[in-house]
Amino acid sequence: MAPAANADGCDVDEETGEVVCEDEDGGGNGGDNGSGNTGGSSTCNYNGREIPCTGPGGSVWSSLHECWIGPSAEELGEDLVPPDGQTEEDGAWHVCYFPPPGSSWEYTWVQTGEVGIDPVVLAQRAIASMDLDPIKIGIVPESGPNRVGLVGLPVWMWVDSPTDDTFGPITASASEGSVSVSATASVSSIVWDMGDGTKVNCTGKGTPYADHYGKQDSPTCGHRYAKMSTDQPDGAYQVTATSHWVVEWTGGGQSGTIEFDLTTDPLPIRIGEAQVLTQ
């Protein structure tokens with residue numbers, strides 16, 4: 001019985017048995033607009049070149065066997081005898097897809113627990129265990145019904161009370177069977193949507209405002225509003241901060257990068273004009 005030809009990154013020609021891989025890393029960067037879902041990439045190395053970690057039919061790359069390990073012979077209806085000195089409790093025959101150029105596939109004996117899970121899945125589990133959150137916005141002028149900033153005056157933005165789970169770096173691991181993955185996440189940049197059509201891209205946490213700064217511009221992350229917010233919904237600009245997380249992970253003989261965004265809830269900032277007194 002021929003193994004399944006459907007693939008994630010690589011396909012099997014049903015007539016020739018040849019394995020053909022797309023010229024990509026088997027993944028892609030992703031964003032979630034604050035929902036918490038993540039996307040990423042996973043690449044493996046074979047003879048000095050990068051190949052997808054996921055092969056035909058969702059098979060998983062094995063550095064030990066130098067092929068993608070697919071379904072077992074039993075799953076495909078084949079009744080194969082274990083090799084000498086082995087029993088069915090010790091392992092099983094699995095489809096072994098070879099990367100091009102070369103042979104298509106053959107059965108190989110895989111020890112029990114040797115092939116577990118795609119490491120990128122474990123990386124996602126490690127990230128989930130970090131319980132990452134959007135930043136807490138620090139901003140002057142402050143938000144509040146009795147707080148109003150002035151047109152043309154500096155606005156300061158920063159990460160208020162940063163923690164490991166709002167800014168990083170934070171490290172976590174996940175394992176299944178013999179495969180263990182460690183992942184380290186940190187915020188590389190923050191995009192501030194100021195609500196007036198302007199987006200400010202800042203690296204780092206920003207500088208918290210203090211009274212002694214007076215009317216200086218923020219040295220790290222700032223903005224100036226050019227008009228009042230009276231024509232905005234509820235009379236305020238809705239400010240959000242989107243933190244861009246970068247996660248470097250390694251394990252199972254593989255490594256990769258996962259990137260995603262977390263966005264705060266809108267924070268209303270009211271901007272008015274200074275009143276000119278005349279006599």
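Below, each value reflects all heavy atoms present in this structure, side chains not excepted, and no hydrogens, waters or symmetry copies.
- For the residue pair Ser182 / Ser173, no side-chain donor-acceptor distance below 3.5 Å is found, with atom types taken as modelled.
- The backbone N or O of Pro134 sits nowhere less than 3.5 Å from a side-chain atom of Thr264 that would complete a donor-acceptor pair.
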Could you walk me through whether Thr87 and Glu89 pass the side-chain hydrogen bond (donor to acceptor under 3.5 Å, both in side chains) check? CA-CA 5 Å; Thr87 68; Glu89 286 72 31; 3.2 Å; yes
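- Side-chain atoms of Thr240 and Thr263 form no donor-acceptor pair, as typed in the model, at a separation below 3.5 Å.
- Between the side chain of Tyr97 and the backbone N or O of Glu106 there is no donor-acceptor pair closer than 3.5 Å.
- Under the side chain to side chain contact (heavy atoms under 4.5 Å, CB included) test applied with Arg224, the options Val155, Leu150, Asp217 reduce to a single match, Asp217.
- At distances below 3.5 Å, not a single donor-acceptor pair connects side-chain atoms of Arg270 with backbone N or O atoms of Ala236.
- The side-chain heavy atoms of Arg49 and Pro99, taken from C-beta on, include a pair separated by under 4.5 Å.
- Nearest heavy-atom pair across Thr108 and Cys96 is CG2-CB, 3.5 Å.
- Within the 4.5 Å cutoff, no side-chain heavy atoms of Lys227 are placed close to those of Asp196.
- Judged by distance alone, with hydrogens and angles left aside, the side-chain atoms of Trp68 form no donor-acceptor pair with the main-chain N or O of Val95 at under 3.5 Å.
- Annotation for Gln86: atom CD counts as buried by contact number, over 12 foreign heavy atoms lying within 6.0 Å.
- With Thr112 contributing its side chain and Asp90 its backbone, the two residues share a donor-acceptor pair below 3.5 Å.
- A donor-acceptor contact shorter than 3.5 Å links the side chain of Thr220 to the backbone of Thr207.
- The aromatic rings of Tyr107 and Trp105 stand perpendicular to each other, their planes meeting at an angle above 60°, with 30° marking the opposite boundary.
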